[in-house]
A.B. asks: 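Here's a structure for you.
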Protein chains: 2
Amino acid sequence: MEDGTSETPGYCSDTDTGYDVSQWDARAGCEVRQILDRIADKWSLLVIALLDRRSLRFTELRREIDGISQRMLARTLRHLERDGLVSRTVYPSVPPRVDYALTPLGVTLHATIQALVTWTEANTDQIAAARVAYDRREAVDRLDADRRAAERDAIAHEVLTGARG
Amino acid sequence: MEDGTSETPGYCSDTDTGYDVSQWDARAGCEVRQILDRIADKWSLLVIALLDRRSLRFTELRREIDGISQRMLARTLRHLERDGLVSRTVYPSVPPRVDYALTPLGVTLHATIQALVTWTEANTDQIAAARVAYDRREAVDRLDADRRAAERDAIAHEVLTGARG
DNA sequence: CGGAATCCGCCACGATACTG
DNA sequence: CAGTATCGTGGCGGATTCCG
């Protein structure tokens, strides 16, 4: 078994809490979290993207993804299958053959995710710029803080030695 | 410091690897992963949703989210700020006041995410149904497997005792 | 080939305490 | 009020081994 639905407790306990927040993260936020956790985990997105092109076997996926372990591929596929996003077809041949494919639901999800991908591609530069700006500011601030701290300590030391001497 | 950009190593090391996969997860997959990791972490989405309504102070966010720790709120806000999704405004008053607001970039991201929220709301029933169906099948399969295993062991035991007797 | 079971390292997250 | 610093922990993800 290992783990269940991963719960994500906290703000998602009951259905009729009266949050100020929009509406969707009080009522459906729970669900959004679940599918978000699903597609955001390390491999699901990649698997969905690959299966959107064509149906694939376990080993084909394993080869194509490069870096994934058998365990994580199996886990990812189980999760996606459980949510009805991926279908699993077993051919009772020797050696055994298992095909994975996106369900219609999975296809629509992938289409929806594409919006996010498009947004990211369109704004990569802005994000990168924001990051370097932030890092630069942070570095400056940190230097200033350190300088002030050193100054303060120096004064404190002077005062102490002065008082003692 | 604590941690950096969280890397996500593996398939995201260089820009000119020749994957078969679509295009976007070879070229921009790296970036998609980053913003996905950002919005998919436990609190970012909630923070973005709240700030999309109106600008909020640190404590207002803390009160409104209910369950978040100061540390995680601070971390989340810094991450969002670093990516240029949230702006931080300090008023040098006593007591100090800090306002957080979505940047234009953050607003467009939130709009994009709404598509995912809408999809989730529209398909919650299907997902739930798929899950119960999967769990039921799994339970049946597991029972069958256990039954077969017990049968096999019984036969093995018979054979062994028969050979020995 | 297509998994499941087991062990383990590491990091995100949380609780607590302290600072400006 | 708005954070940072420190410590402890659960769970994700990887490596390995075994099964049908």
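Letters A, B, ... mirror the listed sequences (proteins, then strands); counts begin at 1.
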A.B. asks: What is the separation between atom CZ on A/R38 and atom C1' on D/dC12, rounded to the nearest whole Å?
C.D. replies: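 To the nearest whole Å, that distance equals 13 Å.
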A.B. asks: Does D/dA2 have its OP1 or OP2 closer than 4.0 Å to a side-chain nitrogen or oxygen of B/T59?
C.D. replies: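 Answer yes for this pair, as a side-chain N or O of B/T59 is under 4.0 Å from OP1 or OP2.
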A.B. asks: Is A/R71 side chain donor-acceptor paired with the D/dG13 base, going by distance under 3.5 Å alone?
C.D. replies: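 Indeed, a donor on one side and an acceptor on the other fall under 3.5 Å apart.
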A.B. asks: Which residues pass the side chain to side chain contact (heavy atoms under 4.5 Å, CB included) test with B/R88, sequence neighbours left out?
C.D. replies: B/E81, B/V90, B/V98, B/Y100
A.B. asks: Would you indicate which nucleotide in C/dA15, D/dA2, D/dG14 comes nearest to any side-chain atom of B/F58?
C.D. replies: D/dA2
A.B. asks: Assuming nearest nucleotide by heavy-atom distance, tell me which of B/A74 and B/R63 is located more 5' along DNA chain D.
C.D. replies: B/R63
A.B. asks: To the nearest Å, how far apart are A/L45 CG and D/dG13 P?
C.D. replies: 13 Å
A.B. asks: Calculate the interatomic distance between A/I68 atom CD1 and D/dA15 atom C1'; express it in whole Å.
C.D. replies: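 Value for this atom pair: 14 Å.
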A.B. asks: In whole angstrom, give the distance that lies between atom CD of B/E60 and atom C1' of D/dG3.
C.D. replies: 16 Å
A.B. asks: Side chain to side chain contact (heavy atoms under 4.5 Å, CB included) with B/D41: which residues, sequence neighbours excluded?
C.D. replies: B/S44
A.B. asks: Between C/dA4 atom P and A/L73 atom CG, what is the distance in whole Å?
C.D. replies: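 So the CG-P distance, A/L73 to C/dA4, works out to 11 Å.
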A.B. asks: For B/T59, check side chain to side chain contact (heavy atoms under 4.5 Å, CB included) against everything at least two apart and list the hits.
C.D. replies: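 If we apply the side chain to side chain contact (heavy atoms under 4.5 Å, CB included) test to B/T59, skipping adjacent residues, the hits are B/R63.
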A.B. asks: For residues 87-103 of chain A, which residues have at least one heavy atom under 4.0 Å from DNA chain C?
C.D. replies: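 The stretch gives A/R88, A/P95, A/P96, A/V98, A/Y100 as the residues lying under 4.0 Å from the strand, ordered by number.
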A.B. asks: Is there a side-chain polar atom (N or O) of B/R78 under 4.0 Å from OP1 or OP2 of D/dT4?
C.D. replies: yes
A.B. asks: Under a 4.0 Å N-O cut-off, is there an ion pair linking B/D141 with B/R137?
C.D. replies: no
A.B. asks: How close or far is atom P of C/dG14 from atom CH2 of B/W43, stated in whole angstroms?
C.D. replies: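 B/W43 atom CH2 is separated from C/dG14 atom P by 5 Å.
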A.B. asks: When all nucleic acid strands are considered with a 4.0 Å heavy-atom cut-off, which category describes B/R57: base, sugar-phosphate, or nothing?
C.D. replies: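 Sugar-phosphate contact only.
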A.B. asks: Taking the side chain of B/Q70 as its heavy atoms from C-beta onward, which of C/dT16, D/dA2, C/dC1 lies nearest to it?
C.D. replies: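 Of the options given, the side chain of B/Q70 lies nearest C/dT16.
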A.B. asks: Is there a chain of hydrophobic side chains (I, L, V, M, F, W, Y, each step under 4.5 Å between heavy atoms) that links A/I48 to A/L56?
C.D. replies: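 Result: yes, single cluster for both.
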A.B. asks: What is the separation between atom CZ on B/R62 and atom C1' on D/dC1, rounded to the nearest whole Å?
C.D. replies: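 Rounding to the nearest Å, CZ of B/R62 and C1' of D/dC1 are 12 Å apart.
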A.B. asks: Between A/M72 (CE) and D/dG11 (C1'), how many Å, whole number?
C.D. replies: 11 Å
A.B. asks: Suppose the criterion is side-chain hydrogen bond (donor to acceptor under 3.5 Å, both in side chains): which pairs have a residue in residues 89-98 of chain B, not counting sequence neighbours?
C.D. replies: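 For residues 89-98 of chain B: B/R97-B/D99.
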A.B. asks: With sequence neighbours left out, what residues match A/A101 under side chain to side chain contact (heavy atoms under 4.5 Å, CB included)?
C.D. replies: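 Here the qualifying residues are A/S55, A/S87.
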